[in-house]
Trainee: 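My questions will all concern the structure given below.
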There are 2 protein chains.
Amino acid sequence: MSGAVGLADPSGTSGESRGPGPAPRRAPTLEEVAELAGVSRATVSRVVNGSSRVSPEALASVTAAIAQLGYVPNRAARSLVTRRTDTLVLIVHERPDTVFSDPFFASVLRGVNRALSPTDLQLVLLQAQGEAQRDRALRYVGNGHVDGVLLISLHGDDIMPNAIAAAGVPLVMAGRLLTGRMVDYVDADNVGGARDAVGHLLATGRRRIATVAGPPDMSVGVDRLRGYTEAVRAAGGDAAAGWVVVGDFTEASGQAATERLLAEHPDLDAVFAASDLMALGALRALRAAGRRVPDDVAVVGFDDAALAAYADPPLTTVRQQVELMGQEMVQLLLARIADPDGEPRELILPTELVIRASA
Amino acid sequence: MSGAVGLADPSGTSGESRGPGPAPRRAPTLEEVAELAGVSRATVSRVVNGSSRVSPEALASVTAAIAQLGYVPNRAARSLVTRRTDTLVLIVHERPDTVFSDPFFASVLRGVNRALSPTDLQLVLLQAQGEAQRDRALRYVGNGHVDGVLLISLHGDDIMPNAIAAAGVPLVMAGRLLTGRMVDYVDADNVGGARDAVGHLLATGRRRIATVAGPPDMSVGVDRLRGYTEAVRAAGGDAAAGWVVVGDFTEASGQAATERLLAEHPDLDAVFAASDLMALGALRALRAAGRRVPDDVAVVGFDDAALAAYADPPLTTVRQQVELMGQEMVQLLLARIADPDGEPRELILPTELVIRASA
DNA sequence: ATGAAAGCGCTAACAA
DNA sequence: TTGTTAGCGCTTTCAT
């Protein structure tokens, strides 16, 4: 029996004092499993952690004891000694003025969870808004509370990626970093997608194609604009200043940008918008100006969140695999955790042009 | 000096071996802070935990040492002894066939994070889909890994709420539970909101008002239907079977339901849809049938995720305060954790009718 | 007000 | 293959 006496009923909380309802028992420990199985703690630990150096009999009795007791390892205790936390953190770092639509984020999250569900890892969510929260997140990450970081950064001049990487914590980003050190990331094929979009417009006879571009300090903005430019130039077209107006991914900015494009080029016959919300804005602006879509002007957007499907007419969009992006971010992160010093990796997911009534 | 010798450079990992880049130092411990401050671990612990029984001098030197070392308490170690985890978990339990739109969830999440950010609590996210994942979540929660649970359950016959409550883990739900024990929850005023919607339709001269209701095993479905029924009956109208068709919150179901309503009552002049996606579906069905909105038929939806704002014409909707819902869920949960045996609490958030072109 | 000491539940050498 | 042992970093009596 050894000194296990005190374990039988710690501090006298045996349920009676709680009144009705099931008594919230203390969770069983390794020690209790070991006793029931008639082996030592170490052996139980080996079983739990899947060590091969365990006899079949020991394995059987331990497994039975675990099942009987409903034993689940205490993460805190384990983490204390292994210095692993079995925890990943997803940080969404936004400016106080949020620009991105939530559905995008929700889809990434869904993918992350899908990838995580067969593992024993848990996901901590940190929505960092503004400097104070950013620093808190950084402190949290920097102090060994997580095994790795998934980062969705919503602005280009973010110090987080470098700070996290510098702290030696494995990191994977959604989207390419424009400056600073090379960091693992997953991204959509924004250049190719934009090229396809413009290619489609060209193929359907459009020649005066304008674009509502994204912010130039974010890779999404830069890449989608590049795809547009390349495609237009390849067709001998003009991708000069007047055909490009920058927005900030919001519907309002898409609308305003399109108004300017119309003022500059009343004869435009197509608009490629670098986000779905901006495409929606473009649609509004065109209608307000009395233009008909798609007969008069065609609109193609980049599908950040499937929102564009609800436009009327539904917008032709470059479909990204947002959920897959979340999944792959996790895979990359796990690989990075397993091999901290490997080469930086990137993964570019293909996009697909979904043609609808609008173009 | 005691036995602190071994701490100076544990296992010789002093950075040189890592090659270039900043050496991933071990995070400073209480012990180190204590030594630097010239006090004992216990005193540092008191300072960190805001105990009053500390002399001003001690407090000052400890505070300085903490700042100098950038000390952050190790959660695992703390949790091991306190049996608190300072962790809440948000469980989204969906059927394999997801019904709810993501934006709703994203908004709740945003509110949860907002409420959490001034605290030291962290949020773990569990997306439980199907039985296997549900049981895993239950095991996780039941074994003391979290201090409390926020639960968004997407179907009516869910065993999770009762299982969690039975395990004695503090729980707050989004939405009212139709059966089983009384559980703390936050909900929108679905009855009142639906009543307002129908009231508006009546006020604008509509008399033949149909509804696309939600699933009858969920409080959202039941309550919105009840609000509709009450309002229609109060006006002396007919809320009988033919005017009510049940959908499952998806756009497709809204469309199908509306088609049936039109078949049954070609003379209907308004549709109240119990979700924004179903309202969108209703819009499509009406158009397909050659009806004009809102001249011919008015449409009002329940706004679960602001998606309806993108319809054309923009839909008149009952606006819920989804983000606030998340915030309040956290407040309720914290209150419950502080007072596990208090009376069950509920919080009904007011809704607001946002009138747009469609009705 | 402060310190000494005992452990929380677990893993990881090391012995056997 | 198994058991023994020594902590991981922290909070918390219990002395002082």
Side-chain angles (χ1 to χ4, degrees), chain A residues 2-7 10-11 13 25-62 66 69-86 120 143-145, chain B residues 1-7 10-11 13 25-62 66 69 71-86 120 143-145:
Chain A
S2 73
V5 179
L7 280 178
S11 67
T13 316
R25 289 184 294 85
R26 249 217 317 70
T29 70
L30 246 200
E31 177 97 42
E32 299 172 89
V33 175
E35 188 165 346
L36 179 58
V39 298
S40 74
R41 298 207 307 270
T43 299
V44 178
S45 179
R46 289 186 187 104
V47 171
V48 170
N49 294 291
S51 162
S52 52
R53 318 199 148 284
V54 178
S55 70
E57 310 88 76
L59 185 113
S61 69
V62 168
I66 287 176
L69 262 36
Y71 169 76
V72 173
N74 180 316
R75 285 184 115 100
R78 171 181 284 176
S79 164
L80 194 52
V81 29
T82 59
R83 295 178 177 293
R84 284 181 300 101
T85 58
D86 292 327
D120 244 322
N143 269 278
H145 290 308
Chain B
M1 289 296 147
S2 73
V5 178
L7 280 177
S11 67
T13 317
R25 288 184 294 87
R26 253 222 310 73
T29 70
L30 246 199
E31 178 97 41
E32 299 173 86
V33 175
E35 185 165 347
L36 179 58
V39 297
S40 74
R41 299 208 306 270
T43 299
V44 178
S45 178
R46 289 185 187 106
V47 171
V48 170
N49 294 291
S51 162
S52 52
R53 316 200 148 284
V54 178
S55 71
E57 309 88 75
L59 186 115
S61 69
V62 168
I66 287 176
L69 262 38
Y71 170 75
V72 173
N74 180 316
R75 284 182 114 105
R78 171 180 285 176
S79 166
L80 192 54
V81 29
T82 60
R83 296 177 176 295
R84 283 182 298 102
T85 57
D86 293 327
D120 244 324
N143 269 277
H145 289 309

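Within every chain, numbering begins at 1; the chains are lettered A, B, ... in the order of the sequence lines, protein sequences first and strands thereafter.
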Trainee: Verify, without hydrogens or angle tests, whether Glu32(B) (side chain) and Thr29(B) (backbone) share a donor-acceptor contact under 3.5 angstrom.
Mentor: yes
Trainee: At 4.0 Å (heavy atoms only), tell me whether Ala58(A) reaches a base, stays on the sugar-phosphate, or touches nothing.
Mentor: sugar-phosphate
Trainee: Would you say dC8(C) has OP1 or OP2 under 4.0 Å from some side-chain N or O of Asn74(A)?
Mentor: no
Trainee: Could you check whether Val54(A) gets within reach of a base, just the sugar-phosphate, or nothing at all, counting any heavy atom under 4.0 Å?
Mentor: sugar-phosphate
Trainee: Of the nucleotides dA1(C), dG7(C), dT11(C), which one has an atom closest to the side chain of Val81(A)?
Mentor: dT11(C)
Trainee: Short question: side chain of Thr43(A), backbone of Val39(A) - any donor-acceptor pair under 3.5 Å?
Mentor: no
Trainee: Can you see if the side chain of Thr82(B) gets near the phosphate of dC10(D) - specifically, an N or O under 4.0 Å from OP1 or OP2?
Mentor: no
Trainee: What is the separation between atom CZ on Arg78(A) and atom C1' on dG9(D), rounded to the nearest whole Å?
Mentor: 18 Å
Trainee: Rounded to whole angstrom units, what separation is found between the CD atom of Glu32(B) and the P atom of dG9(D)?
Mentor: 8 Å
Trainee: Atom CG of Asn49(A) to atom P of dA12(C): distance rounded to whole Å?
Mentor: 7 Å
Trainee: Once you round it to whole Å, what is the distance between C1' of dC10(C) and CD1 of Ile66(A)?
Mentor: 13 Å
Trainee: How about Ser45(B) and Leu30(B): do any of their side-chain heavy atoms sit closer than 4.5 Å?
Mentor: yes
Trainee: Among the nucleotides dG3(D), dT11(C), dG3(C), which one has an atom lying closest to any side-chain atom of Ala42(B)?
Mentor: dG3(C)
Trainee: Does a side-chain N or O of Ser55(B) approach OP1 or OP2 of dT2(C) to a distance below 4.0 Å, or not?
Mentor: yes
Trainee: What is the distance, to the nearest angstrom, from the CD atom on Glu31(A) to the C1' atom on dG7(C)?
Mentor: 12 Å
Trainee: Any side-chain to backbone donor/acceptor pair from Ser79(B) onto Arg84(B)? Under 3.5 Å, distance only.
Mentor: yes
Trainee: Of all the nucleotides listed (dA12(C), dC10(C), dT12(D)), which has the minimum atom distance to the side chain of Leu30(A)?
Mentor: dC10(C)
Trainee: Checking only heavy atoms, does the side chain of Arg46(B) share a donor-acceptor pair with the base of dG3(C) at less than 3.5 Å?
Mentor: yes
Trainee: From C-beta outward on Arg41(A), which listed nucleotide comes closest to its side chain: dA6(D), dT11(D), dC8(D)?
Mentor: dA6(D)
Trainee: Let me know the distance between CG of Asp86(B) and P of dT11(D), rounded to the nearest Å.
Mentor: 10 Å
Trainee: Kindly say if Ser45(A) contacts the phosphate of dA12(C), meaning a side-chain N or O under 4.0 Å from OP1 or OP2.
Mentor: no
Trainee: Distance check needed: dC8(D) C1' versus Arg84(A) CZ, whole Å only.
Mentor: 13 Å
Trainee: Nearest whole angstrom, please: distance from the P of dG9(C) to the CG of Leu69(A).
Mentor: 13 Å
Trainee: For Leu59(B) and Arg83(B), take the nucleotide of DNA chain C holding the closest heavy atom to each; which residue's nucleotide lies nearer the 5' end?
Mentor: Leu59(B)
Trainee: Just how far is it from atom OG1 of Thr85(A) to atom CZ of Arg75(A), taken to the nearest 0.5 Å?
Mentor: 8.5 Å
Trainee: Report the residue (Val48(B) or Glu57(A)) whose heavy-atom-nearest nucleotide on DNA chain D is the more 5′ of the two.
Mentor: Glu57(A)
Trainee: Does Gly38(B) or Leu80(B) map to a spot on DNA chain C nearer the 5' end, using the closest nucleotide for each?
Mentor: Gly38(B)
Trainee: Run Val48(A) and Arg78(A) through side-chain contact (heavy atoms from CB on, under 4.5 Å) and show every step you take.
Mentor: CA-CA 11 Å; Val48(A) 170; Arg78(A) 171 181 284 176; 3.4 Å; yes
Trainee: At less than 4.0 Å, is any side-chain N or O atom of Thr29(A) found next to OP1 or OP2 of dG9(C)? Yes or no.
Mentor: no
